[in-house]
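Data block below; observations after.
One-based numbering, in listed order, for ligands and for the atoms of each.
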Amino acid sequence: MTGKIVVKIGGSNLKELKSIESIMEVVRLYEKPPVIVVSAFFGVTNLLIEILDSALTDQEKVKASVENIEKKKYKTLDYYIKDYEALANAKIGVKKLIKELEKYLYGINYIGEIPDFLYDKILTYGERLSAYTLNAVFNANGIKTMEVLPEQFGLRTTGELGNASIDFDACNTEAHKFFKEDAVCIVPGFYGVSEDGKVTLLGRGGTDYSAASVARIIKSEALDIWKDVNGFMSSDPKFVDKPVRIHHLSYSEAAELAYFGAKILHPRTVEPLHDVNIPIRLFNIEADEKVLEPLTLIDGDLSETDDIIKSVTSSDEFALLKLNGPGVGIKPGILAKVTSKLNDEGININSVITSQIAINFLLAVNDLKDSTAYIKSLDLPSVQELIPIDEISVIAVVGQGILEKPGIGSRIFNAVAENNINVKMSTMGGSNVVCYLIVEKAHKQTAISAIHKEFFSKKN
Ligand code: ASP
Ligand code: MG
């Protein structure tokens with residue numbers, strides 16, 4: 001145990017010039033200097049993607065865009081660093097990173113293509129610049145800090161470019177030694193390094209996952225995630241009246257909510273922490289008075305509430321692919337052929353529901369078209385029809401013990417039926433934590449609001 005707490009600071013906490021003031025306030029709350037895992041400043045990753053696209057054809061644009069990023073960083077440094085020498089040194093550091101970035105982009109312009117490994121490398125510059133800037137600003141404002149890079153302390157990934165996982169068995173077991181006790185250690189999130197030394201991204205929004213992984217590797221006491229909202233809610237305030245805050249979630253509840261669309265947490269955040277029992281604590285950086293009292297605590301406690309349901313969330317990012325044909329559900333081999341084909345093509349299947357006459361795959365909506373083509377190419381004689389269905393929403397109703405307490409399922413389905421909404425598909429029993437329903441996108445809001453009312457109206 002290092003005694004250090006890992007704090008994740010996201011892009012939404014780095015929107016304005018004044019944002020770093022709030023971050024410094026947060027850092028000063030901690031008794032011992034924390035480890036900060038930081039995202040790129042708001043919008044910078046998207047900007048880098050745009051620059052990469054234009055780099056292929058437009059050298060001038062590379063120059064202008066990179067200068068623009070540099071100017072913004074200088075503005076931040078000018079605002080926070082009053083000492084002339086410290087400011088000049090900080091700017092030299094930014095310039096060095098910007099020059100590296102620029103060289104890679106010119107290289108792309110010269111060769112006329114974007115090698116995959118370079119795409120990953122270039123996108124990390126958002127986080128690199130962010131960590132560098134925080135480090136310089138903190139130091140100039142009396143907070144002792146140091147930067148600790150994933151490549152230094154051995155945050156090893158499985159190596160898939162763009163979307164790697166952390167390979168915990170290969171991570172440096174002595175990583176904690178890189179994190180000094182008496183300094184705030186700042187780590188750029190979003191990437192790790194593969195066995196052959198390549199910088200690999202952890203997927204979009206991956207800094208939550210980086211932070212959770214660092215917490216695991218250095219055996220942190222907790223992972224503290226500072227957001228700009230009041231923790232997990234019983235539903236999205238866009239869809240329901242008076243959502244209530246959820247004070248506690250089990251790891252599985254949080255994982256299901258994140259998986260099915262709750263934007264507050266990246267779906268992979270829980271993964272590294274669950275089996276080692278490191279709690280995740282959510283705070284709001286925009287609270288007037290910042291205190292270390294978590295708004296939502298996520299840990300291994302499996303206690304149930306009286307009404308079981310803790311939150312109703314939804315995602316529009318899924319689609320259904322239906323394979324119809326007499327007996328498809330019981331003929332051996334069909335499912336195996338389809339799943340191994342999709343697997344070979346790198347497509348993830350989120351769920352499968354079968355019956356005698358149909359097999360239904362729940363997939364990412366972006367994979368629907370390709371998946372349909374791949375399955376068609378298998379030319380399976382027993383499959384008479386292949387029906388891709390988009391424009392759906394998956395609604396997830398989450399609560400520990402959902403299968404154990406009688407009547408919860410009927411309350412969910414009655415609430416939806418009373419509003420004349422047709423449930424296209426549902427599963428209950430996949431785990432003791434979630435029931436999900438698939439409805440037409442147009443019915444999403446009514447369905448969510450009806451289910452939420454059933455379980456929460458009495459509490460308001
Ligand atoms: N900056 C990266 C992204 O926008 C990682 C993150 O913010 O978590 O995807
Ligand atoms: Mg994020």
Contact atoms of ligand 1, heavy-atom distance to Thr45 under 4.0 Å: 1 (N), 2 (C), 3 (C), 4 (O)

4.0 Å heavy-atom contact, Gly205 with ligand 1: yes

Numbered atoms and elements of ligand 1 in range of Arg204, under 4.0 angstrom, heavy atoms: 3 (C), 4 (O), 9 (O)

Phe232 six-ring face occupied by Arg245 cation (under 6.0 Å, within 45°): no

Close approach of Gly206 to ligand 1, heavy atoms, under 4.0 angstrom: yes

Residue-ligand contact Glu127/ligand 1, heavy atom below 4.0 Å: yes

Whether over 12 other heavy atoms sit under 6.0 Å from Lys103 NZ: no

For Ser39, atoms of ligand 1 separated by under 4.0 Å from a heavy atom: 6 (C), 7 (O), 8 (O)

Whether over 12 other heavy atoms sit under 6.0 Å from Lys444 NZ: yes

Nitrogen or oxygen of Thr207 less than 3.5 angstrom from that of ligand 1: yes

Residue pair Asp196, Lys198: steps toward the salt bridge (charged side-chain N to carboxylate O under 4.0 Å, His left out) verdict: CA-CA 6 Å; Asp196 57 357; Lys198 280 200 183 65; 3.4 Å; yes

Within 45° cone of Phe456 ring axis and under 6.0 Å: Lys310 NZ or CZ: no

cation_pi(Lys91, Tyr74) dist<6.0 Å, angle<=45: yes

